[in-house]
K.L.:
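Sharing a structure here in structure tokens format.
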Amino acid sequence: MMEAAHPAPRLRALPPNTWWWVLAGVVMLPAAAPLGVLAYGLVSGVVTTVPIGRLLELAANTGALGAAVTSTSLLIGGASAWLVSRTDLPGKKLATVLVLTPFAVPSFVGALALLGATGADGILSTAWAWMGGGVIRYPSGFWAAWLVLTLISVPLVHLAVAPAVRSINPTLEEAARGLGAGRLKVFWTVTLPQLRPSLTAGALLVGLYTLSDFGAVSLLRYDTFTRAIYLEYAGRVDRRPALGLAAVLAGVAVLLVWLERSTRTRGVWFTARPRRTGSPVRLGLGGKILGWGFLGTLVTVSLLVPVAVLIAWVMRGLISGVLVDQPWAELGRSMWVALLTALVAAVVVAPVAMVTTRYRNRWAGLLEGGAWALYGVPHIAVGMAMIVFTLWLARPLYQTLALLVGVYVVMFLPQILGPSRDSLGRVSPSMEEASRSLGKSPLRTFTGITLPLMAPGLLSGAALVFLTTLRELPAALLLRPAGFETLAIRVWSATGEGFYTQGALAGLLLLLVAALPLAVVTRHELIR
Amino acid sequence: MNSFADHRPLSARALHKSFDGTVALDDFNLEVESGSLLTVLGPSGVGKTTALRILAGFEMPDSGTVRVNGQTVNGPGVFVPPERRQVGMVFQDYALFPHLNVGRNVAFGLDAHPRDQRVSVVLEMVGLAGFEKRMPHELSAGQQQRVALARALAPGPQVILADEPFSNLDAALRKRLRAEVRSILREARTTTIMVTHDQEEALAVSDQLALMNEGRVVQTGPPDHVYRNPATSWVAEFLGDADFFDAHAKGGRITTPFGTFPTTRSGKVKVMVRPESVTVFPHAQGVAVVTYREFFGHDQLLSVKLPGKITLRARCWPQPALAPGDRVAVSVDGIHIFDEPQAPPAPPETLPGTPLPQRVVIPR
């Protein structure tokens, strides 16, 4: 049929479009550097510079932590999702916001709160001693990391599972009950299978997060890949073992991303059909008290106590006069890096968004792949790869701000690409064509029509990138110019050295400028 | 090419275009007279939109020339970008700029100086005087359509191209708006090329019709001329209702169950009959039998079966009420004769109701 000759209306464009391709290609090239180095690390035998016993030990530790964090956060996040999405619990909106906020708390701040709460000087220990109890010992290692990472991961599971819980098909459950199945049997045989895709997606997200985390495991001294990479990097001149570990870690992460993506499509298929939504499950008074008791405990442990501990340390510092070294310079540097990153990302994303929205072909697919290439690759692995890359091939870039910003842009591009494409998708190509036929050049069409219409997505994406950059630790730690201490690094190093007062002030500041706005920016998605 | 054609507002010669091996345009030719409304009509997927997009400069032809007011805008080594063609465009989705109000939308293609005045003149022309400060999303579909027209008219283009301009409107609004748009275009003395797949719309509004099939224009002319003298059986069938049957011409005549018609041809031919030229009346010994009836109030459509496996439709007075199975006599007021597809092309013959005994009713 001739019908096929017409490109789909959304995907057509003006004839002189080569520039977008050139721009987009140049923009995406840097993503190849870290991936190339990591791939080289995997195949070149660099990995063999790490004793096999050490590799297995790290794999076992990382795997154990991942499994523990994933299973507990699935249980807790699944329960909270069910409570706010399927029952008549009062105050569900507030509960949702409170349950989801901890996801904006950086893991190293969580670790700081745990360390600051316990031990001889710990806030909770002091309070406990005051009530006549003994000292709560420093938690460290596996259990400490498990606790901190689980509390931060619960929102991830909740986010993944809640929509699926809402769209559970009630007629299936009713049909099963009508066939004589009891409540429990219905749950296992009918309800749970409907939730499985979203639970799987949530589990993989948490697994990826745990695998990538550096802040909590390094501060709490649990020996996983990320911590080992940093120790190798910091303790040796030979970069090969660190690179080998980074390559292995990146390989596992890519595998998880691949798994996550392949289940995600199935999950969408599974839940996307419109259905009658069931009436909420009625909780009795006891059920309501129990429900709020559960959510209240969760929020207290994951949000209120950590913040309270940080505040208490700052107060203690103010009272005793220890708090002399205030982190304003660090705050300034963090803001500067984040601002640069957001600006560059906004400029860079425009051609990528244009090409990937307007074209469907192999090259556009490749470009989109490039934009997502570093998604899920642990930041510490990217950082390690870039150190090696600059030392070998781009010496002038080694330890420069330009390199750090460039790496951030490539890593965080998906965050701004999504919103930009959303708003660009609302710009019909015929609007640009209308502008051309009204006498405007391609450039004036872009500045007069496309850019203003794309601006909202560009702005919210840039805000997201800004806030994410503020919180980022491992890449900054590896790639920063010498002596360039950001707020996140400040929290991490102060905590590592036991200066909880200093750490707490920087941590609170970080929560205030990054975590809180992030929770606000993503609120709509959270509550939806 | 003669110099007369060069000064037409727009002309296209021998345009070819294919997408990934699929031919969209194959020797496409089109000319439009100054001040007239030309409609390119054809089924969806025959390349109408591609042709329009090439004329506007949004798409590059593989070969061929396009001239606007005598100036070549597409040709060997020549490509004038859309912004320098003086060709206005009205889009199927109107493509109003959602971040600009009506006034700034209409002013978009104007130079700085006499802008406001021109905007109000054009808005008045389309019946939207005083709408300058409204935003596009606050307008009804019909108003949006008229703003799109005003915006295209404002810079005073040589030609306005309109791609299915009424397809996004509901049926009632479409009929009202197309009459309005036509009179606006008349008043503005604008040359317009419109693309549509809706025959009724094309017949109703156009000065000239260009029928398009398989990537080329197969016939052009005023609507009633094209309707009455279809160049091919495809045109006849696409434009209005038509029934066909095979017949044999011999000795200057074609004999059909409903009469004998003169012809200059001989051998196998294809005969086309339009339902409105068929009249039936009840007759016990009639040659035909009614097989189906649809009643419309102001008329009725009958399907009748004649000897030789010929089926004709007849659009006729609602009376008498005939029912399937009734025997009827048939009279046909004019037929068209086409060559069989495999035969070498020859100009088709149109045979009006002629002196020879044509209203033949042969009750035996």
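In the text below, chain A, chain B and the rest are named by the order of the sequence lines, each starting its count at 1. Values below: all heavy atoms of this structure, side chains included; hydrogens, waters and symmetry mates excluded.
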K.L.:
Less than 4.5 Å to any heavy atom of chain A: does that hold for the side chain of D20(B), its backbone, both, or neither?
P.N.:
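Neither the backbone nor the side chain of D20(B) comes within 4.5 Å of chain A.
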K.L.:
Please output the residues of residues 95-104 of chain B in contact with chain A, using a heavy-atom cutoff of under 4.5 Å, in numerical order.
P.N.:
A95(B), L96(B), F97(B), P98(B), H99(B)
K.L.:
Tabulate, in ascending numerical order, the residues of residues 136-143 of chain B having at least one heavy atom closer than 4.5 Å to a heavy atom of chain A, or enter 'none'.
P.N.:
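Hits under 4.5 Å: none found.
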K.L.:
For the pair R436(A) and E83(B), find out whether any cationic side-chain nitrogen is under 4.0 Å from an anionic carboxylate oxygen.
P.N.:
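Between E83(B) and R436(A) there is a salt bridge, with a charged N closer than 4.0 Å to a carboxylate O.
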K.L.:
Minimum heavy-atom separation for F91(B) and E433(A), please, with both atom names.
P.N.:
CE2-OE1, 3.4 Å
K.L.:
Please report the interatomic distance CZ(R84(B)) to OG(S437(A)), rounded to the nearest 0.5 Å.
P.N.:
14.5 Å
K.L.:
Is D62(B) atom CG crowded by more than 12 heavy atoms from other residues, nucleotides or ligands, each under 6.0 Å away?
P.N.:
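For D62(B), atom CG is crowded (more than 12 foreign heavy atoms under 6.0 Å).
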K.L.:
Could you tell me whether the side chain of F108(B) reaches within less than 4.5 Å of the side chain of K440(A), counting heavy atoms only?
P.N.:
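Heavy-atom side-chain distance check passes, below 4.5 Å.
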K.L.:
Do other residues, nucleotides or ligands put more than 12 heavy atoms under 6.0 Å from D111(B) CG?
P.N.:
no
K.L.:
Heavy-atom cut-off 4.5 Å, strictly under: side chain, backbone, both or neither for L453(A) against chain B?
P.N.:
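Side chain of L453(A) only, per the 4.5 Å heavy-atom cut-off to chain B.
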K.L.:
Report the option among P452(A), S435(A), G448(A) that has the most heavy-atom pairs separated by less than 4.5 Å from atoms of chain B.
P.N.:
S435(A)
